[in-house]
K.L.:
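Here's a structure for you.
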There are 2 protein chains.
Amino acid sequence: MSRRSGVLEFAVLGLLRESPMHGYELRKRLNTSLGVFRAFSYGSLYPCLKTLVGQGWLIEEPGSAPEDALAATLAGRRAKIVYRLTAEGKEHFEELLAQTGPDAWEDEHFGVRFAFFGQTSREVRMRVLEGRRSRLEERLAKMRASLARTRERLDDYTLELQRHGMESVEREVRWLNELIESERAGGRGASRRSHDPSESTGGLPRDRGSSRPDPSDDTTK
Amino acid sequence: MSRRSGVLEFAVLGLLRESPMHGYELRKRLNTSLGVFRAFSYGSLYPCLKTLVGQGWLIEEPGSAPEDALAATLAGRRAKIVYRLTAEGKEHFEELLAQTGPDAWEDEHFGVRFAFFGQTSREVRMRVLEGRRSRLEERLAKMRASLARTRERLDDYTLELQRHGMESVEREVRWLNELIESERAGGRGASRRSHDPSESTGGLPRDRGSSRPDPSDDTTK
DNA sequence: TTCGTCATGTAATGGGTTACATGATTAC
DNA sequence: GTAATCATGTAACCCATTACATGACGAA
């Protein structure tokens, strides 16, 4: 009955910070914006929302979301429950944003943390990126060591699997290197709300191809 | 009290097929050979072993493992429990090996399945590789679609995260392409026990650098 | 003799999914 | 009118981890 997830909680607070939403929409954003890394179901989302309300970090409002402006005025409309971040919730989220340490750069957390780098101070961004990098380098060292010990006893496929796994990690390290360099270079602000057009957040190297827009079917298969 | 994992069960059966082992060693191999993808703890391993014994797929033997030859003869040695695959267990594993379908190529399963490709028939290998590839391509399509829809509303970091995620998937697809090509090219046997030196399992493209052996500390940090 | 690692386990807890139940709204 | 999708929830289960408890053995 507690449902204190960490990742889910963080993501929900982060998304609601941008704008109030109801559960259904929240879930969609969770599985696209933060996509690939995690997909949550209603079975975890709704209970989580409940506990966040219980904490005083969220309040439920009857459907008065911007897009509902018209419909809301009409009678008998089934009340979509819109969740809005409270002041306490905002404060709590700031604290979470400021945290560094393993809970920021381990596999389960890093993705979400990165997704909200737009609201994160540059110092924290740096610590998280560097933390993750050294975590991965540690992992690489172990992999190399274990590979050196067991190379002969392994069949081709197991070996290929490890090689590919290691390359994946190496690739992420290179990615982190670029990001860290960008952060160092782009010496601008502590950056809140990067929606703000007056400030481009870092010097992120973008548009290296790969994302040819290719309109196809809807999100949920 | 059931502990029917799928992944863990499969991996345990697969490793024990190669040679009998006790739990402790099993766990180490689990976290290196099949490394990166999953790490299991005793809290899941031992109960799993119990249920596998219950199914009749494993038998417990008092410590008579090869390396224990000397020690075993001595009195009062604490009996390491060595687990050995039974005939039924072997049969069951063959069945698991032959299975194709989502349970073979979804994220949680693919790694382990690949790790035991050495014991898998070429037809099944092909189906699994192709299944995974089309799964990933499906995923790519969704990502591209959702990106096309939301590109403007996203901040730089979220965008960068998605770009990197997509590139990762694209990279795995290329990897699968190479593997599939190799499988097609290396027209050799149904391949059991690739330890056998008389048969190199496919035409796996190896040694593209990346794995400079670098002796360092032991497996468990 | 104490520390590290080998070795085996259990109970409590965590964090999530699946399947189910319900009903409103929209598009065809 | 009927199918899809929007929308909210709950209960049962799943798979695994953490922390704990226990103890033997080898080396410094």
K.L.:
Looking at CZ of A:Arg113 and OG1 of A:Thr100, how far apart are the two atoms once the value is rounded to the nearest 0.5 Å?
P.N.:
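Taking CZ in A:Arg113 and OG1 in A:Thr100, the distance rounds to 8.0 Å.
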K.L.:
Go through B:Trp175 and B:Glu170 one step at a time and tell me if the side-chain hydrogen bond (donor to acceptor under 3.5 Å, both in side chains) criterion holds.
P.N.:
CA-CA 9 Å; B:Trp175 181 62; B:Glu170 283 165 349; over 6 Å; no
K.L.:
Distance check needed: D:dA16 P versus B:Asn31 CG, whole Å only.
P.N.:
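Nearest whole value for this atom pair: 12 Å.
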K.L.:
Please determine, for the side chain of A:Lys50, which listed nucleotide (D:dT8, C:dA7, D:dG9) has the closest atom?
P.N.:
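Closest nucleotide to the A:Lys50 side chain: D:dG9.
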K.L.:
Quick check on the 6.0 Å ring-centre criterion: do A:Phe10 and A:Trp57 meet it?
P.N.:
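No; A:Trp57 has its ring centre 6.0 Å or more from that of A:Phe10.
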K.L.:
5'-most contact on DNA chain C: A:Leu45 or B:Tyr24, nearest heavy atom basis?
P.N.:
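Between the two, 5'-proximity favours B:Tyr24.
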K.L.:
Can a side-chain donor-acceptor contact be found between A:Ser41 and A:Arg27 if the only test is distance below 3.5 angstrom?
P.N.:
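Checked: A:Arg27/A:Ser41 side chains show no N/O donor-acceptor pair below 3.5 Å.
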K.L.:
Side-chain N or O of A:Ser41 less than 4.0 angstrom from OP1 or OP2 on C:dT17?
P.N.:
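So the side chain of A:Ser41 is within the cut-off, an N or O lying under 4.0 Å from OP1 or OP2 of C:dT17.
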K.L.:
Could you tell me how far apart B:Leu8 (CG) and D:dC15 (P) are, to the nearest whole angstrom?
P.N.:
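Between P of D:dC15 and CG of B:Leu8: 10 Å.
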K.L.:
If I take atom CE in residue B:Met21 and atom P in nucleotide C:dC6, what distance separates them, rounded to the nearest angstrom?
P.N.:
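Distance, rounded to whole Å: 15 Å.
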K.L.:
Send over the distance from B:Lys28 NZ to C:dC6 C1', rounded to a whole Å.
P.N.:
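Whole-Å distance recorded here is 9 Å.
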K.L.:
Rounded off to whole Å, could you give me the NZ-to-C1' distance for the A:Lys80 and D:dG9 pair?
P.N.:
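A:Lys80 atom NZ is separated from D:dG9 atom C1' by 17 Å.
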K.L.:
For D:dC15 and B:Ser44 - does any side-chain N or O of the residue sit under 4.0 Å from the phosphate oxygens OP1/OP2?
P.N.:
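Answer is no, no contact under 4.0 Å.
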K.L.:
Between atom CG in B:Asp107 and atom P in D:dC15, what is the gap in whole Å?
P.N.:
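After rounding, the gap between these two atoms is 17 Å.
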K.L.:
How many whole angstroms separate atom CG of A:Leu49 from atom P of D:dA7?
P.N.:
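Nearest whole value for this atom pair: 14 Å.
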K.L.:
Would you call the rings of A:Phe93 and A:Phe116 parallel, tilted or perpendicular if under 30° counts as parallel and over 60° as perpendicular?
P.N.:
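It falls in the perpendicular class, over 60°.
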K.L.:
What's the closest nucleotide to the side chain of A:Tyr83 if the choices are C:dT8, D:dT10, D:dG9?
P.N.:
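Shortest atom-to-atom distance from the side chain points to D:dG9.
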K.L.:
Has A:Tyr42 got a side-chain N or O lying under 4.0 Å from the OP1 or OP2 atom of D:dG9?
P.N.:
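Checking D:dG9 against A:Tyr42, no side-chain N or O comes under 4.0 Å of OP1 or OP2.
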K.L.:
Mind calculating the distance between CG (B:Leu26) and C1' (C:dA7) to the nearest angstrom?
P.N.:
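About 13 Å, once rounded to whole Å.
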K.L.:
Please classify the nucleic acid contact of A:Phe10 as base, sugar-phosphate, or nothing, using heavy-atom distances under 4.0 Å.
P.N.:
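Counting heavy atoms under 4.0 Å across all strands, no contact is made by A:Phe10.
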K.L.:
Closest approach to the side chain of B:Ile81, judged atom by atom: which nucleotide of C:dT8, D:dA16, C:dT10 is it?
P.N.:
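Among C:dT8, D:dA16, C:dT10, the one nearest the side chain of B:Ile81 is C:dT8.
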K.L.:
Ignoring backbone atoms, test whether A:Tyr46 places a side-chain nitrogen or oxygen under 4.0 Å from the OP1 or OP2 oxygen of D:dT8.
P.N.:
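For D:dT8, OP1/OP2 do have a side-chain N/O of A:Tyr46 under 4.0 Å.
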K.L.:
From C:dT8, C:dG16, D:dA16, pick the nucleotide closest to the side chain of B:Val7?
P.N.:
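The answer is D:dA16.
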